[in-house]
Every structure is written in C-alpha cells, then in structure tokens.
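Report on one structure; see the data block that follows.
Since the model is a prediction, treat every value here as computed from it, not as a measurement. Both ligands and their constituent atoms are indexed starting at 1 by order of listing. Atom set for the values below is all heavy atoms of this structure, side chains included, hydrogens, waters and symmetry mates excluded.
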Amino acid sequence: MADYQLFIGGAYVDALAGETFETNDPATGQKIGDVAKAGREDAQRAIEAARKAFDEGPWPKLSGKERGAKLNQIADLLDAKAEKFAEAEARDGGGTIKKATFADVPGASSAFRWFARMAEEQPDEVEVPGSPFPPSQNWVRYEPFGVTTGIIPWNFPLIMASWKLAPALAAGNCSVIKPASLTSITALMLGEVFQEADLPPGVANVIAGPGGTVGEELASNPLVDKTAFTGSTEVGRRIMQLASGTVKPVTLELGGKSANIVLDDADLDIAAACVLFGTFFHNGQVCESGTRALVHQSVYDEFVSLLVDRAGKMVIGNQMDFATDLGPLVSRSQVETVERYVALGRDEVGEPICGGNRPEGLADGLDPNAFYNPTIFSGVDNKAKIAQEEIFGPVLCVIPFADDDEAVAIANDSIYGLGGGVQSGNLDRARAIAARMRTGTVWINDYHLISPERPFGGYKQSGIGRELGVAGFNAYRQAKHVHANPGGSRDNYMHLAALSSNI
Ligand code: NAD
C-alpha cells in the first residue's frame, strides 16, 4: 500500500497497476513517502466515479445552501488540520513553513469559504421580466457543467487544488483533480478532509500521476464536461488541443513575466521591499512574480543599490525553520534551469550584480545543489531572453525607463499578461498606469496579494478565463434559458401568425 494513495469514489486506493513513485524533501533529498502513481485507467475510473456521482448522486440536486454548508465544513476541517497540512506542504515542495502557514493553508480554506458563500448567495434561477413574446415568461437557470477536471502545477498545490475544487463543487459539479508529481501529497491528503466532512463519494477525486497520460486523459475524456488547467503556457496549448476533441470549455492559468514599475515619486525603501518580495517570494516560483523591475532612470542607481543590499539580507536555509526566507527550489532540475538562464543572462547582459550562484555555508544536511542565491541583473534590455522568458526561479531583471509612457510600453512588451505592480507616492498617477497595463492583476504599492473574493487570471498568453471572484464561480456554471408559454388560446402564439401563418 502506498503511503499516499489515490482518492477515488470516496475511498483511498492504490493505482490499478500497483505502481508508486517516491516523493522527497528537496532540501535534504530525504524520502517523505511513496505515492500511488495513477495510470490512464485510474484516471478513467476517477472520471467514471465523478460521472456517477453527478448523474446519480445527491450532490447536484442539493440546494446552494446545503452545498455551501458542506464547503464551509471542509474549510473548518482544513483549518483544524492546518499544522499538519502546512508541514506537509513545506516539506514536499520546499516552500517555507512561513509561506505554508500564512499563505497556503489559509489560502486554501478561504477559497472553500468564498465559494461556499457563492453557492449560498448566487441565485441558480433568475426571472427575466418583460418578455418580447407575451404572454410567455422567461427565466435563466445556472446549472453545473457536470464532470470537471483540474490539472495543477507544483508551486502551490494546496491552493491550486482548492481553486479548482471549491468553485466546481459549489456550483454542483463533481470533479477530478491531478496535482503535479513533484508535489502531490497535500492534494491527496484533502481526501481525509472530504471523508470527515461526509462529502458524497465521487464528488471530489484526487489522483497523482504523469501529465502525459493521466493529465491527457483528464483533458480529453468524453465523459468530462469542462477542464481547468494551471501550469506552463506550453502545456496550456496542449490542453486546448486535447479539450477541443469534445469541445470542452477550458479555463487556463498560465505563465507570466510580470513588470513591477518603480516611479520616481515612490518611497524607495518600501518599493525595494515590494520588488524583492514580488520577485523572490517562494524563490520566484510563482506565476505572477514581478521578475522585471522597471525603474525610473532618475532613481535607478539608488534603487538598485537598495535592492542589492536587501537581497543579501534574505535568510536562505531549511524551509522548515520559521526564520528562513528562501528554502530550496522545488527540484535539482529547477536549479539547473535557473543556472541555464543565468548563464544566458551573463552572455546577454553581463555579470549579475548579486547572486548568480548556489549558496555556500548551508547548515549540515542541506543539499547545496537544491538552493540558489537571489540573483539580480541590472541594465537589462527588455528584448533579452532573460526578460522575455519565464525562468520560474529567483532571478530579477532590472530595466531603466525615462517616462510613464515608456514604462507602460516596456511592461506590455511581453507575450504574457498575468500580474504587475506600480510603486508610487501618487495614487492617481499609479492608477492611470495600472489602467494601461495589459495584465490580469496590478498591485499598487504592494505585490502578490490575492484573495478569493477578487478575480485572478491572465491577459494574452497568460491564460483564458478567470478563477476566484464571482467570475470564478460562474466559470463552473452554464446558463440555460427557459421560455414558458402558458398555452391555451392560439392568440398566445403570436409568432405562429407572424412567421408561420400556414401551420
Ligand atoms: P507544467 O505545465 O509542466 O505542469 C502543470 C501540470 O500539467 C502538472 O500537473 C503536469 O503533470 C501536467 N501536465 C504536463 N504535461 C501534460 C499534458 N501533456 N497533458 C496534461 N497535463 C500535463 O507546469 P509546472 O512546471 O508544474 O508549473 C510551472 C508553470 O505553471 C509555470 O509556467 C507557471 O507560470 C505556471 N503557473 C501558473 C499559475 C497561474 O495561475 N497562472 C499558477 C501557478 C503556476
């Protein structure tokens, strides 16, 4: 029996083929446990469990209030188990225990609470008065799609799982989600919570396994009515192709290369903190990271030296220690990807002004090959590959600009449009710039703050659709118009007289 099993049809089970894979603490390489490795046939049985739960089970027939109550119960249970989930999240993915405690677990439970509220408050049937075809009445019903699937990345598994499951369930769908293999355990652990909450079997299923088989099945299986994906833009394109076979609606949350604009009227001290947090939080392994800092030329030198000074103060070490700011990257191969980009940056731009190497002097037991120093390239041309491509690591490009128009032009010169920031002492000026940025979220004098009440998603190649907010709830419902003629007299059928007088 695997240490972490698949959660299908309300029960924990091994993969049909009995296969497992190891999951490790990236900081030390120590094994955490064996995870059941689903194959295509496990994905199919999870989809069938969800289909059965939707077609025959009670879930879609419950009232919004009843579904909301269940989701609130799930949120309460998650909060009650916060320590256990936070520890597993930090150990498995290398994110700091601070992040897991203050962002991941509360981020997940608050998503369940928000969508509970959506289920309770959003009407599922709305009268449309004043029919143009009297005496008919018309109403719009908002109905679940049926079976939804969610495929999620390795950087925020618990939050990403909740962003896919909570709105799907709130709207009355039944769902299957697949976490990334590097970080699957907390998503699988959600099964415990669903069991304790007495969620009907098959309503929520979680399976771990390779994207190329399990993920492809979730995006293409004809029993699936809608699919939602968070991950790289490259795989997002593949998901669209797979979903097109049965014309499934897709929600895609993809990559980013966001610009954080520092104006000449900014409080440079605080702006430096916002830029560093915006870039290096979770080692830059965050889709909306502000990895391009655009800095007004009149404050450029002063600002860059503030950045270098502060970056050097970040504490790198064991992610399980509350004093640590930067833990390991998620995997050795992610460190190697960062190294390839830093080598490219050295060719394109020159020596980084800080970092550019693995840290030395880490505590015993920590693998130095799993860590990377925060790295800053200054004087970067926005056309450089390191300014255009998503690195997904602790690398910041600093780019000078002369005026607001140029800042906006550089910010928008990207295939991506996920996040962005404006650091300024003048809210009106910052607001005008935010309005011109072609991106799904802009933080003024802040960064990275996401809440379930507000929509999140990308412009351009950063994605399609929105998660969270009211839009994120409606992404899991479809509208049905019902037209009701009271019948009776032929006078009530005016279109027959007008359009089909011979029948
Ligand atoms: P990835 O695209 O490699 O994998 C994401 C998920 O897709 C994983 O579960 C993987 O197993 C699965 N997958 C891989 N190939 C597949 C296929 N052919 N068919 C179906 N599923 C497949 O991304 P990652 O490396 O896990 O995460 C990093 C990426 O995710 C970055 O590009 C980052 O920007 C993006 N991301 C975006 C957001 C957002 O909200 N926009 C949030 C987090 C991460």
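- Contacts between Asn155 and ligand 1 below 4.0 angstrom, taking non-hydrogen atoms only, involve the side chain exclusively.
- Per-residue contacts place Leu418 under 4.0 angstrom from the following atoms of ligand 1 (heavy atoms of the residue considered): 41 (N).
- Counting heavy-atom neighbours within 6.0 Å of Glu41 CD, excluding the residue itself, gives a total above 12.
- By the criterion of a heavy-atom distance under 4.0 Å, the backbone of Leu254, and not its side chain, is placed next to ligand 1.
- Near Trp154, meaning under 4.0 Å from one of its heavy atoms, ligand 1 places the atoms 24 (P), 25 (O), 26 (O), 27 (O).
- Within the 4.0 Å heavy-atom shell around ligand 1 one finds Phe456.
- Closest to atom 15 (N) of ligand 1 among all protein heavy atoms lies Val235 CG1, 3.6 Å.
- Inspection of the Gln334 and Asn283 side chains reveals no N or O donor paired with an N or O acceptor under 3.5 Å.
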query: Hey, mind stepping through Lys31 and Asp25 against salt bridge (Lys or Arg N to Asp or Glu O under 4.0 Å) and telling me if it holds?
result: CA-CA 6 Å; Lys31 178 174 171 176; Asp25 178 339; over 6 Å; no
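- Two rings, from Phe156 and Trp163, have their centers 6.0 Å or more apart.
- Closer than 4.0 Å to atom 11 (O) of ligand 1 lies at least one heavy atom of the protein.
- In this structure, a donor-acceptor pair under 3.5 Å is absent between the side chains of Thr291 and Thr279.
- For atom 2 (O) of ligand 1, the candidate residues are Ser232, Ala187, Ala208; the nearest heavy-atom contact is made by Ser232.
- Looking at Thr439 and Lys460, their side chains never bring a donor and an acceptor atom within 3.5 Å of each other.
- Neither the backbone nor the side chain of Leu218 has a heavy atom within less than 4.0 Å of ligand 1.
- Near Glu253, meaning under 4.0 Å from one of its heavy atoms, ligand 1 places the atoms 37 (C), 38 (C), 39 (C), 40 (O), 41 (N).
- Heavy-atom neighbours of Arg332 CZ from other residues, nucleotides or ligands within 6.0 Å: above the threshold of 12.
- Among residue pairs with one or both ends in residues 43-53, those qualifying as salt bridge (charged side-chain N to carboxylate O under 4.0 Å, His left out) are Asp42-Arg45, Arg51-Asp55, Arg51-Asp225, Lys52-Glu56; sequence neighbours excluded.
- Nearest residue to atom 18 (N) of ligand 1 from Glu216, Gln334, Arg237 is Glu216 (criterion: closest heavy atom).
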message: Test side chain to side chain donor-acceptor pair (under 3.5 Å) on Lys164 and Thr230; report intermediate values, then the result.
response: CA-CA 9 Å; Lys164 301 285 179 278; Thr230 299; 2.6 Å; yes
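- Looking at Trp163 next to ligand 1, no N or O pair under 3.5 Å apart turns up.
- Here's the thing with Thr230: none of its N/O atoms is less than 3.5 angstrom from an N/O atom of ligand 1.
- Taking a cut-off of under 4.0 Å to the non-hydrogen atoms of Ala180, the atoms of ligand 1 that pass are 8 (C), 9 (O).
- At a 4.0 Å heavy-atom cut-off, ligand 1 touches Phe392 through the side chain alone.
- Residue-to-ligand polar distances keep Gly209 apart from ligand 1: every N/O pair is separated by 3.5 Å or more.
- Atom CG of Asn260 is separated from atom CZ of Phe277 by 11.5 Å, given to the nearest 0.5 angstrom.
- If you look at Glu390 next to ligand 1, the close heavy atoms, those under 4.0 Å, all belong to the side chain.
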